[in-house]
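Only a predicted model underlies this, so the values are computations on that prediction, with no experimental measurement involved. Note that ligands are numbered from 1 as they come in the structure, with each ligand's atoms numbered from 1 the same way.
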Amino acid sequence: MKQEKEIIYFITGNNHKFKEITKLFQKEELDYDLKQKTAATIEIQASNIKEVALFKLNSVKTNFNNSYFVEDAGFFIDVPLKGFPGVYSKFVLNTIGNEGILKLINDYWNTAAHFEAVIALYFQPLDKIFIFEGSVEGKVSKEIKGTSGFGYDPIFIPNELPNNTFAELSTEEKNSVSHRAKAWQKLLIFLKAHH
Ligand code: IMP
């Protein structure tokens with residue numbers, strides 16, 4: 001008889017994030033079923049993304065007996081904003097938005113930026129927490145471009161695909177270079193190794 005696959009939950013209310021991870025998940029032969037779960041979590045204001053992700057993971061109250069993970073990301077404009085908005089990414093997007101960001105850096109030709117993603121996993125078989133990180137380097141575009149993706153995607157141009165913003169790429173293309181996909185690849189290696 002075929003054994004039921006274990007469920008692993010991605011705890012997120014962000015359907016874009018779930019779609020990106022699902023596409024990556026489907027490319028692999030894994031002994032897991034990936035499911036989305038929205039749960040009440042606490043998002044603290046900390047000095048780095050890792051702390052935010054860890055606190056969020058620990059704030060999940062589960063009534064299931066499975067492995068689960070959360071993911072937190074941030075957008076860092078290294079030049080000229082010295083990493084801002086970083087851990088304030090959500091607040092800044094919800095207040096001044098991408099237009100406000102472009103106004104802030106309008107006078108600069110160098111606009112080096114990167115995304116960071118941290119996946120925090122509760123791995124049920126070992127009853128332990130594991131962290132997986134990924135980042136992508138690029139720059140802020142001169143204008144808002146593209147309609148796919150979410151958040152800062154319309155103003156971020158990755159170095160590896162320098163002709164488009166993230167929002168002009170398909171999910172597969174974004175996944176080929178993104179911070180989230182890189183963190184995911186590490187989680188994947190972990191899951192395969194701990195089977
Ligand atoms: P979160 O706390 O991980 O949801 O993300 C913090 C902020 O960064 C939110 O405003 C998101 O919209 C934005 N963000 C997170 N990941 C991405 C991404 O992959 N592309 C663009 N914006 C993102």
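Near D72, meaning under 4.0 Å from one of its heavy atoms, ligand 1 places the atoms 1 (P), 2 (O), 3 (O). Close approach to L93 involves these atoms of ligand 1, each under 4.0 Å from a residue heavy atom: 10 (O), 12 (O).
The protein heavy-atom contact nearest to atom 20 (N) of ligand 1 is D153 OD1, 2.6 Å. Of all protein heavy atoms, the one lying nearest to atom 16 (N) of ligand 1 is R180 NH2, 2.9 Å. Nearest to atom 6 (C) of ligand 1 among the protein's heavy atoms is A73 O, 3.5 Å. Nearest protein heavy-atom contact of atom 9 (C) of ligand 1 is K90 CA, 4.0 Å. Annotation: atom 14 (N) of ligand 1 to nearest protein heavy atom, F150 CE1, 3.7 Å. Looking at atom 8 (O) of ligand 1, its nearest protein heavy atom turns out to be S89 CB, 3.7 Å.
F123 has its ring centre less than 6.0 Å from the ring centre of F190. Between F156 and F115, the ring center distance clears the sub-6.0 Å criterion.
Figure legend: cation-pi geometry between K37 and Y9, with NZ or CZ positioned under 6.0 Å from the six-membered ring centre and within 45° of its axis.
Here the side chains of Y152 and L93 are in contact, with some heavy-atom distance below 4.5 Å.
At a 4.0 Å heavy-atom cut-off, ligand 1 does not touch E20 at all.
A salt bridge links E172 with K23; the closest basic N to acidic carboxylate O contact falls under 4.0 Å. Salt bridge status for D72 with K50: absent, with no side-chain N to carboxylate O gap under 4.0 Å.
At least one N/O-N/O distance between Y152 and ligand 1 falls below 3.5 Å. Checking only distances, N14 never comes within under 3.5 Å of ligand 1, N or O to N or O.
Residue E43 holds the heavy atom nearest to atom 2 (O) of ligand 1 of all those in E71, K17, E43.
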